[in-house]
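Okay, so here's the structure we're looking at.
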Amino acid sequence: MFFEATRQSSPWRISILAAVLSLAAASWASGEERGTLILTSTNDPAHNTVVVFKLDTHGTPSLIASQTLPTGAKGGASGNAGILQMQHNLGAVANFGSNSVTQLVRHGDFIGAGRSIALASDCTGPDSIALSEEELYVVSTDCAESHSWPSGHLDGGVVTLTDNSAAQIVAGKTWAAVTMKSGSVLQLDMSGHDGALNGSSTSIALPDDANNTPLGAGFWGDVLGFTPAHSADSFAIVDASRNVYPVAGPTPSYPSNAPCWVAKGPKSIWYTANSPGQAISIFFSDDKGGAFYKSVPVPGTPTDITVSPDRNWLGVIYTAAGAAHVAVFSIDNYGGLTLAATSPAVGAAQFNGVAISQ
(Lines give C-alpha, C1' and ligand atoms only; values in the text may rest on other atoms or scores of the structure.)
Protein backbone atom coordinates (compact mmCIF):
# COMPACT_ATOMS: atom_id res chain seq x y z
CA MET A 1 0.00 0.00 0.00
CA PHE A 2 1.16 3.54 -0.72
CA PHE A 3 0.65 4.48 2.93
CA GLU A 4 3.81 2.55 3.81
CA ALA A 5 6.02 4.74 1.63
CA THR A 6 8.53 7.13 3.16
CA ARG A 7 8.17 10.83 2.44
CA GLN A 8 11.26 12.35 0.84
CA SER A 9 9.83 15.57 -0.54
CA SER A 10 6.65 17.52 -1.10
CA PRO A 11 5.94 15.65 -4.40
CA TRP A 12 5.57 12.50 -2.27
CA ARG A 13 2.86 14.21 -0.26
CA ILE A 14 1.14 15.34 -3.45
CA SER A 15 1.18 11.78 -4.79
CA ILE A 16 -0.43 10.49 -1.58
CA LEU A 17 -3.22 13.04 -1.75
CA ALA A 18 -3.71 12.43 -5.48
CA ALA A 19 -4.08 8.70 -4.82
CA VAL A 20 -6.67 9.33 -2.12
CA LEU A 21 -8.61 11.69 -4.36
CA SER A 22 -8.54 9.11 -7.15
CA LEU A 23 -10.30 6.65 -4.83
CA ALA A 24 -13.13 9.12 -4.35
CA ALA A 25 -13.28 9.84 -8.09
CA ALA A 26 -13.43 6.13 -8.89
CA SER A 27 -16.28 5.67 -6.43
CA TRP A 28 -18.20 8.53 -8.02
CA ALA A 29 -17.56 7.30 -11.55
CA SER A 30 -18.90 3.85 -10.71
CA GLY A 31 -22.16 5.38 -9.49
CA GLU A 32 -21.54 4.33 -5.90
CA GLU A 33 -23.41 6.58 -3.47
CA ARG A 34 -21.18 8.13 -0.84
CA GLY A 35 -22.93 8.08 2.50
CA THR A 36 -22.58 9.97 5.75
CA LEU A 37 -20.53 7.92 8.22
CA ILE A 38 -20.23 8.49 11.97
CA LEU A 39 -17.08 7.02 13.50
CA THR A 40 -16.26 6.45 17.14
CA SER A 41 -13.94 4.20 19.15
CA THR A 42 -14.46 1.69 21.93
CA ASN A 43 -11.25 2.92 23.66
CA ASP A 44 -10.87 -0.63 25.02
CA PRO A 45 -7.71 -0.81 27.18
CA ALA A 46 -6.86 -4.18 25.64
CA HIS A 47 -8.17 -3.94 22.06
CA ASN A 48 -9.14 -0.52 20.74
CA THR A 49 -11.70 -0.70 17.94
CA VAL A 50 -13.23 1.88 15.61
CA VAL A 51 -17.01 1.51 15.22
CA VAL A 52 -18.66 2.90 12.09
CA PHE A 53 -22.33 3.83 11.77
CA LYS A 54 -23.97 4.82 8.49
CA LEU A 55 -26.64 7.52 8.54
CA ASP A 56 -29.56 6.46 6.35
CA THR A 57 -31.47 9.61 5.39
CA HIS A 58 -34.08 7.94 3.19
CA GLY A 59 -37.43 8.45 4.89
CA THR A 60 -37.06 8.58 8.67
CA PRO A 61 -33.31 8.91 9.38
CA SER A 62 -31.66 5.95 11.10
CA LEU A 63 -28.19 4.85 12.17
CA ILE A 64 -26.94 1.45 11.03
CA ALA A 65 -23.89 -0.22 12.58
CA SER A 66 -21.96 -0.92 9.39
CA GLN A 67 -18.41 -1.85 10.41
CA THR A 68 -15.94 -2.46 13.21
CA LEU A 69 -12.21 -1.92 12.66
CA PRO A 70 -9.68 -3.14 15.26
CA THR A 71 -6.70 -0.80 15.45
CA GLY A 72 -4.42 -3.58 16.66
CA ALA A 73 -3.51 -1.40 19.63
CA LYS A 74 -4.69 -0.51 23.14
CA GLY A 75 -7.07 2.27 24.22
CA GLY A 76 -7.69 3.44 27.77
CA ALA A 77 -7.89 7.25 27.62
CA SER A 78 -10.20 9.15 29.99
CA GLY A 79 -11.21 12.75 30.67
CA ASN A 80 -10.53 13.69 27.05
CA ALA A 81 -12.06 14.53 23.69
CA GLY A 82 -10.98 14.61 20.06
CA ILE A 83 -9.27 11.22 20.10
CA LEU A 84 -10.69 10.42 16.64
CA GLN A 85 -10.72 12.76 13.64
CA MET A 86 -11.65 12.53 9.95
CA GLN A 87 -10.77 14.95 7.16
CA HIS A 88 -11.68 14.20 3.55
CA ASN A 89 -10.74 10.53 2.94
CA LEU A 90 -8.18 10.31 5.72
CA GLY A 91 -8.45 10.29 9.48
CA ALA A 92 -6.79 9.07 12.64
CA VAL A 93 -7.50 7.59 16.04
CA ALA A 94 -5.16 7.63 19.02
CA ASN A 95 -4.33 4.49 21.00
CA PHE A 96 -3.67 5.66 24.55
CA GLY A 97 -2.23 2.40 25.88
CA SER A 98 0.05 1.75 22.90
CA ASN A 99 1.52 5.27 22.50
CA SER A 100 0.46 5.36 18.87
CA VAL A 101 -1.97 6.84 16.35
CA THR A 102 -3.67 4.66 13.71
CA GLN A 103 -4.27 6.30 10.35
CA LEU A 104 -7.76 5.73 8.91
CA VAL A 105 -8.50 5.58 5.18
CA ARG A 106 -11.93 5.82 3.57
CA HIS A 107 -12.68 3.81 0.40
CA GLY A 108 -16.27 4.48 -0.64
CA ASP A 109 -18.26 3.70 2.51
CA PHE A 110 -15.57 1.42 3.94
CA ILE A 111 -12.98 2.51 6.54
CA GLY A 112 -9.58 0.81 6.50
CA ALA A 113 -6.46 1.12 8.62
CA GLY A 114 -3.37 2.79 7.20
CA ARG A 115 -0.04 3.14 8.92
CA SER A 116 0.66 3.19 12.65
CA ILE A 117 2.27 6.45 13.79
CA ALA A 118 4.49 6.33 16.87
CA LEU A 119 4.75 9.20 19.33
CA ALA A 120 7.94 11.15 19.87
CA SER A 121 10.50 9.60 22.21
CA ASP A 122 9.52 9.89 25.90
CA CYS A 123 5.93 10.90 25.03
CA THR A 124 3.22 8.51 26.25
CA GLY A 125 -0.54 8.17 26.46
CA PRO A 126 -2.03 10.10 23.49
CA ASP A 127 -5.57 11.21 24.35
CA SER A 128 -6.45 13.86 21.75
CA ILE A 129 -5.55 14.68 18.15
CA ALA A 130 -6.30 17.39 15.59
CA LEU A 131 -5.84 17.49 11.82
CA SER A 132 -4.99 20.24 9.36
CA GLU A 133 -4.30 19.79 5.65
CA GLU A 134 -0.58 19.40 6.34
CA GLU A 135 -0.18 18.34 9.99
CA LEU A 136 -1.37 15.87 12.60
CA TYR A 137 -1.31 17.34 16.12
CA VAL A 138 -1.21 15.04 19.14
CA VAL A 139 -1.35 15.72 22.86
CA SER A 140 -0.45 13.05 25.39
CA THR A 141 0.13 12.88 29.12
CA ASP A 142 3.62 14.33 28.63
CA CYS A 143 3.82 16.23 25.36
CA ALA A 144 2.21 18.07 22.50
CA GLU A 145 3.69 17.26 19.10
CA SER A 146 3.05 17.56 15.38
CA HIS A 147 3.58 15.08 12.56
CA SER A 148 3.67 15.73 8.84
CA TRP A 149 0.37 14.60 7.34
CA PRO A 150 -0.33 12.10 5.91
CA SER A 151 3.18 10.61 6.20
CA GLY A 152 3.13 10.64 10.00
CA HIS A 153 6.78 11.66 10.35
CA LEU A 154 7.57 13.76 13.42
CA ASP A 155 7.66 17.40 12.37
CA GLY A 156 8.70 20.52 14.28
CA GLY A 157 9.44 20.77 17.99
CA VAL A 158 7.93 18.77 20.85
CA VAL A 159 6.26 20.74 23.65
CA THR A 160 6.82 19.31 27.14
CA LEU A 161 3.75 19.66 29.35
CA THR A 162 3.95 20.75 32.98
CA ASP A 163 1.47 18.11 34.19
CA ASN A 164 -0.52 15.13 32.89
CA SER A 165 -3.98 16.76 32.81
CA ALA A 166 -4.29 17.50 29.06
CA ALA A 167 -7.89 17.13 27.87
CA GLN A 168 -7.90 18.22 24.21
CA ILE A 169 -5.71 19.68 21.47
CA VAL A 170 -7.17 21.85 18.71
CA ALA A 171 -5.59 23.82 15.86
CA GLY A 172 -6.55 27.20 14.42
CA LYS A 173 -5.03 29.16 11.55
CA THR A 174 -1.88 30.41 13.27
CA TRP A 175 -1.94 28.84 16.74
CA ALA A 176 -3.00 25.69 18.50
CA ALA A 177 -4.31 25.18 22.02
CA VAL A 178 -4.33 22.50 24.69
CA THR A 179 -6.87 22.53 27.51
CA MET A 180 -5.45 21.40 30.84
CA LYS A 181 -7.89 20.05 33.41
CA SER A 182 -5.61 21.39 36.16
CA GLY A 183 -6.83 24.90 35.29
CA SER A 184 -5.05 26.39 32.28
CA VAL A 185 -5.02 26.66 28.51
CA LEU A 186 -1.75 26.51 26.59
CA GLN A 187 -1.16 28.49 23.41
CA LEU A 188 1.11 26.58 21.03
CA ASP A 189 3.15 28.29 18.31
CA MET A 190 2.47 26.84 14.83
CA SER A 191 5.25 28.75 13.06
CA GLY A 192 7.07 25.60 11.96
CA HIS A 193 7.05 24.34 8.37
CA ASP A 194 3.50 23.78 7.09
CA GLY A 195 2.10 24.77 10.48
CA ALA A 196 4.16 22.40 12.59
CA LEU A 197 4.61 23.18 16.28
CA ASN A 198 7.88 24.98 16.98
CA GLY A 199 8.27 23.54 20.49
CA SER A 200 7.20 26.62 22.45
CA SER A 201 4.08 27.26 24.49
CA THR A 202 2.54 30.09 26.51
CA SER A 203 0.09 29.63 29.36
CA ILE A 204 -3.00 31.81 28.87
CA ALA A 205 -4.01 33.65 32.05
CA LEU A 206 -7.60 32.69 32.86
CA PRO A 207 -9.88 34.78 35.08
CA ASP A 208 -11.17 33.30 38.34
CA ASP A 209 -14.67 32.85 36.97
CA ALA A 210 -13.44 30.75 34.00
CA ASN A 211 -10.47 28.68 35.15
CA ASN A 212 -11.98 25.60 36.79
CA THR A 213 -11.45 22.41 34.75
CA PRO A 214 -10.97 23.50 31.11
CA LEU A 215 -12.10 20.56 28.97
CA GLY A 216 -13.37 20.96 25.41
CA ALA A 217 -12.19 23.38 22.77
CA GLY A 218 -12.65 24.37 19.15
CA PHE A 219 -11.52 27.06 16.74
CA TRP A 220 -13.37 29.56 14.56
CA GLY A 221 -10.50 30.75 12.40
CA ASP A 222 -8.07 32.00 15.04
CA VAL A 223 -10.73 32.47 17.75
CA LEU A 224 -10.73 29.74 20.39
CA GLY A 225 -13.87 28.65 22.21
CA PHE A 226 -13.39 26.45 25.27
CA THR A 227 -15.34 25.17 28.26
CA PRO A 228 -14.06 25.79 31.81
CA ALA A 229 -16.68 23.24 32.74
CA HIS A 230 -16.79 23.61 36.52
CA SER A 231 -16.63 27.41 36.55
CA ALA A 232 -19.32 29.99 37.16
CA ASP A 233 -18.84 31.03 33.52
CA SER A 234 -18.72 27.70 31.70
CA PHE A 235 -17.75 28.94 28.21
CA ALA A 236 -15.09 31.40 27.09
CA ILE A 237 -13.69 33.00 23.95
CA VAL A 238 -9.95 33.58 23.48
CA ASP A 239 -8.32 35.56 20.67
CA ALA A 240 -4.82 35.12 19.23
CA SER A 241 -3.53 37.85 21.57
CA ARG A 242 -4.61 35.73 24.56
CA ASN A 243 -7.47 38.02 25.58
CA VAL A 244 -10.09 35.93 27.42
CA TYR A 245 -13.82 36.71 27.35
CA PRO A 246 -15.85 34.52 29.78
CA VAL A 247 -19.45 33.66 28.90
CA ALA A 248 -22.09 32.62 31.44
CA GLY A 249 -23.63 29.23 30.65
CA PRO A 250 -26.82 27.41 31.62
CA THR A 251 -28.01 27.82 35.20
CA PRO A 252 -27.65 26.53 37.77
CA SER A 253 -24.00 26.01 36.95
CA TYR A 254 -21.81 23.06 37.99
CA PRO A 255 -22.65 20.48 39.25
CA SER A 256 -26.15 20.73 37.73
CA ASN A 257 -24.87 21.93 34.35
CA ALA A 258 -21.37 21.70 32.93
CA PRO A 259 -20.79 22.26 29.21
CA CYS A 260 -17.82 19.93 28.81
CA TRP A 261 -16.94 19.36 25.14
CA VAL A 262 -17.14 21.65 22.12
CA ALA A 263 -17.99 21.58 18.42
CA LYS A 264 -18.00 24.68 16.23
CA GLY A 265 -21.28 25.00 14.42
CA PRO A 266 -22.35 27.12 11.45
CA LYS A 267 -21.82 30.89 11.51
CA SER A 268 -21.41 32.17 15.07
CA ILE A 269 -22.79 29.06 16.83
CA TRP A 270 -20.95 26.79 19.27
CA TYR A 271 -22.39 23.48 20.46
CA THR A 272 -21.28 22.00 23.79
CA ALA A 273 -21.96 18.58 25.32
CA ASN A 274 -23.40 19.27 28.78
CA SER A 275 -22.78 15.96 30.56
CA PRO A 276 -24.56 16.46 33.92
CA GLY A 277 -27.37 18.37 32.20
CA GLN A 278 -27.79 15.57 29.61
CA ALA A 279 -28.09 18.18 26.89
CA ILE A 280 -26.44 20.05 24.05
CA SER A 281 -25.96 23.61 25.31
CA ILE A 282 -25.77 26.20 22.53
CA PHE A 283 -23.80 29.45 22.56
CA PHE A 284 -23.44 32.36 20.14
CA SER A 285 -20.31 34.51 19.94
CA ASP A 286 -18.21 37.00 18.08
CA ASP A 287 -14.47 37.37 18.71
CA LYS A 288 -14.97 39.33 21.96
CA GLY A 289 -17.58 37.41 23.89
CA GLY A 290 -20.87 35.66 23.52
CA ALA A 291 -24.10 34.48 25.10
CA PHE A 292 -25.75 31.23 26.10
CA TYR A 293 -28.85 30.48 24.01
CA LYS A 294 -30.53 27.26 25.14
CA SER A 295 -30.06 23.55 25.86
CA VAL A 296 -31.46 20.69 23.78
CA PRO A 297 -32.00 17.32 25.55
CA VAL A 298 -29.88 14.24 24.77
CA PRO A 299 -31.25 10.74 25.58
CA GLY A 300 -28.38 10.01 27.99
CA THR A 301 -25.11 11.46 29.29
CA PRO A 302 -23.20 13.07 26.39
CA THR A 303 -19.44 13.31 26.02
CA ASP A 304 -17.63 14.06 22.75
CA ILE A 305 -19.38 16.00 20.02
CA THR A 306 -18.81 16.89 16.36
CA VAL A 307 -20.40 18.67 13.39
CA SER A 308 -20.42 17.31 9.84
CA PRO A 309 -18.36 18.99 7.09
CA ASP A 310 -21.54 20.21 5.37
CA ARG A 311 -22.80 21.68 8.69
CA ASN A 312 -26.11 19.79 8.35
CA TRP A 313 -25.60 17.22 11.12
CA LEU A 314 -24.36 17.10 14.69
CA GLY A 315 -23.09 13.85 16.16
CA VAL A 316 -22.67 13.16 19.87
CA ILE A 317 -21.71 10.04 21.81
CA TYR A 318 -23.58 9.28 25.02
CA THR A 319 -24.25 6.56 27.55
CA ALA A 320 -27.66 5.33 28.69
CA ALA A 321 -28.62 2.27 30.74
CA GLY A 322 -25.00 1.10 30.82
CA ALA A 323 -24.52 1.13 27.04
CA ALA A 324 -22.78 3.44 24.59
CA HIS A 325 -24.70 5.10 21.78
CA VAL A 326 -24.40 7.74 19.06
CA ALA A 327 -27.08 10.38 18.50
CA VAL A 328 -27.38 12.46 15.35
CA PHE A 329 -29.22 15.79 15.26
CA SER A 330 -30.18 17.67 12.12
CA ILE A 331 -29.07 21.33 12.01
CA ASP A 332 -31.53 23.78 10.46
CA ASN A 333 -30.79 27.07 8.69
CA TYR A 334 -30.70 28.90 12.03
CA GLY A 335 -28.48 26.41 13.83
CA GLY A 336 -31.38 24.77 15.65
CA LEU A 337 -31.13 21.08 16.52
CA THR A 338 -33.67 18.28 16.01
CA LEU A 339 -32.93 14.72 17.14
CA ALA A 340 -32.84 12.63 13.95
CA ALA A 341 -31.53 9.19 14.95
CA THR A 342 -29.89 7.18 17.72
CA SER A 343 -27.70 4.12 17.29
CA PRO A 344 -28.40 0.63 18.55
CA ALA A 345 -26.23 -0.72 21.36
CA VAL A 346 -23.24 -2.65 20.02
CA GLY A 347 -21.89 -4.15 23.23
CA ALA A 348 -19.67 -1.24 24.31
CA ALA A 349 -20.16 0.39 27.69
CA GLN A 350 -18.61 3.69 26.54
CA PHE A 351 -17.38 5.33 23.37
CA ASN A 352 -14.52 7.80 23.10
CA GLY A 353 -14.18 10.29 20.26
CA VAL A 354 -16.58 10.96 17.40
CA ALA A 355 -16.17 12.20 13.82
CA ILE A 356 -18.41 12.51 10.78
CA SER A 357 -17.14 11.64 7.29
CA GLN A 358 -19.03 12.60 4.12
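Side-chain atoms of Ile83 and Ser41, non-hydrogen and from C-beta on, do get closer than 4.5 Å to each other. Within the 4.5 Å cutoff, the side chain of Ile204 has no heavy atoms near those of the Leu186 side chain. Proximity of Thr49 to Leu69: side-chain heavy atoms (C-beta onward) are nowhere separated by under 4.5 Å. By the 4.5 Å heavy-atom criterion applied to side chains, Leu136 and Val101 are counted as neighbours. Inter-residue side-chain proximity for Leu314 and Thr306 is flagged as unmet; no heavy-atom pair is nearer than 4.5 Å. A 4.5 Å side-chain heavy-atom check between Ile280 and Thr272 finds every atom pair outside the cut-off. A heavy-atom distance below 4.5 Å is found between the side chains of Asp163 and Met180. The shortest side-chain heavy-atom distance between Asp222 and Trp220 does not fall under the 4.5 Å cut-off.
A distance-only check finds a donor-acceptor pair linking the side chain of Ser151 to the backbone of His153 [under 3.5 Å]. A donor-acceptor pair is defined here as one N or O able to donate and one able to accept, closer than 3.5 Å; such a pair exists between the side chain of Ser132 and the backbone of Glu135. Of the possible donor and acceptor atoms, one in the side chain of Asn48 sits under 3.5 Å from a partner among the backbone N and O of Asn43. Between the side chain of Lys181 and the main chain of Leu215, no donor-acceptor pair closer than 3.5 Å is present. Using modelled atom types, no side-chain atom of Gln168 and backbone atom of Ser128 make a donor-acceptor pair closer than 3.5 Å. Checking side-chain atoms of Arg115 against main-chain N and O of Thr102 turns up no donor-acceptor pair under 3.5 Å. Although no hydrogens or angles enter the test, the distance criterion places no donor-acceptor pair under 3.5 Å between the side chain of Asp233 and the main chain of Phe235. Formation of a donor-acceptor pair under 3.5 Å by the Gln85 side chain with backbone atoms of Ile129 is found in this model.
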Next item on the list: Determine, stepwise, if the pair Glu133 / His88 fulfils side-chain contact (heavy atoms from CB on, under 4.5 Å).
Entry: CA-CA 9 Å; Glu133 296 290 342; His88 311 309; 3.0 Å; yes

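Taking hydrophobic clusters as Ile, Leu, Val, Met, Phe, Trp and Tyr residues chained together by side-chain heavy-atom distances below 4.5 Å, Leu131 shares a cluster with Val138. In terms of hydrophobic clustering, with Ile, Leu, Val, Met, Phe, Trp and Tyr side chains grouped at heavy-atom distances under 4.5 Å, Ile282 and Phe292 are assigned to different clusters. The hydrophobic clustering, which links ILVMFWY residues whose side-chain heavy atoms are closer than 4.5 Å, places Met190 and Leu188 together.
Legend: ring pair (Phe, Tyr, Trp, His ring centres under 6.0 Å) pairs involving residues 310-344, not counting sequence neighbours, sorted by first then second residue: Tyr318-His325. Evaluation of the ring pair (Phe, Tyr, Trp, His ring centres under 6.0 Å) test over residues 169-191, restricted to residues two or more places apart or in two chains, returns Trp175-Phe219. Applying the salt bridge (charged side-chain N to carboxylate O under 4.0 Å, His left out) test to pairs two or more places apart or on separate chains, those with a residue in residues 50-59 are Lys54-Asp109. The side-chain hydrogen bond (donor to acceptor under 3.5 Å, both in side chains) pairs that include a residue from residues 136-146 are Thr124-Thr141, Thr124-Asp142, Glu145-His147, where partners are two or more places apart or lie in different chains. Every pair passing side-chain hydrogen bond (donor to acceptor under 3.5 Å, both in side chains) that includes a residue from residues 66-78 is listed here, sequence neighbours excluded: Thr71-Asn95. Pairs engaging residues 183-232 under the disulfide (SG to SG under 2.5 Å) rule: none recorded [sequence neighbours left out]. Listed by first and then second residue, the side-chain hydrogen bond (donor to acceptor under 3.5 Å, both in side chains) pairs that reach into residues 234-244 are Gln187-Arg242, Asp239-Asn243, sequence neighbours excluded. The stretch residues 71-167 participates, sequence neighbours left out, in these disulfide (SG to SG under 2.5 Å) pairs: Cys123-Cys143.
For the residue pair His193 / Glu134, no side-chain donor-acceptor distance below 3.5 Å is found, with atom types taken as modelled.
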List, one per line, each side-chain donor-acceptor pair under 3.5 Å for residues 344-358, sequence neighbours excluded.
| from | atom 1 | to | atom 2 | distance (Å) |
| --- | --- | --- | --- | --- |
| Asn352 | OD1 | Asn80 | ND2 | 3.1 |
| Asn352 | ND2 | Asn80 | OD1 | 3.0 |
| Ser357 | OG | Arg106 | NH1 | 2.8 |
| Gln358 | OE1 | Asp310 | N | 3.1 |
| Gln358 | NE2 | Thr36 | OG1 | 3.4 |
| Gln358 | NE2 | Asp310 | OD1 | 3.3 |
| Gln358 | NE2 | Asp310 | OD2 | 3.0 |

Identify every side-chain donor-acceptor pair in residues 244-262 under 3.5 Å, counting partners at least two apart or on other chains, and give the distances.
| from | atom 1 | to | atom 2 | distance (Å) |
| --- | --- | --- | --- | --- |
| Asn257 | OD1 | Asn274 | ND2 | 2.9 |
| Asn257 | ND2 | Pro252 | O | 2.8 |

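A side chain to side chain contact (heavy atoms under 4.5 Å, CB included) with Tyr293 holds for exactly one of Phe283, Trp270, Phe284; it is Phe284.
Atom CG of Asn211 sits about 9.5 Å away from atom OG of Ser184, to the nearest 0.5 Å.
Residues forming a side chain to side chain contact (heavy atoms under 4.5 Å, CB included) with Ser191 (at least two apart in sequence, or on another chain): Asp189, Asn198. Partners of Asp287 under the side chain to side chain contact (heavy atoms under 4.5 Å, CB included) rule, at least two apart in sequence or in another chain, are Val223.
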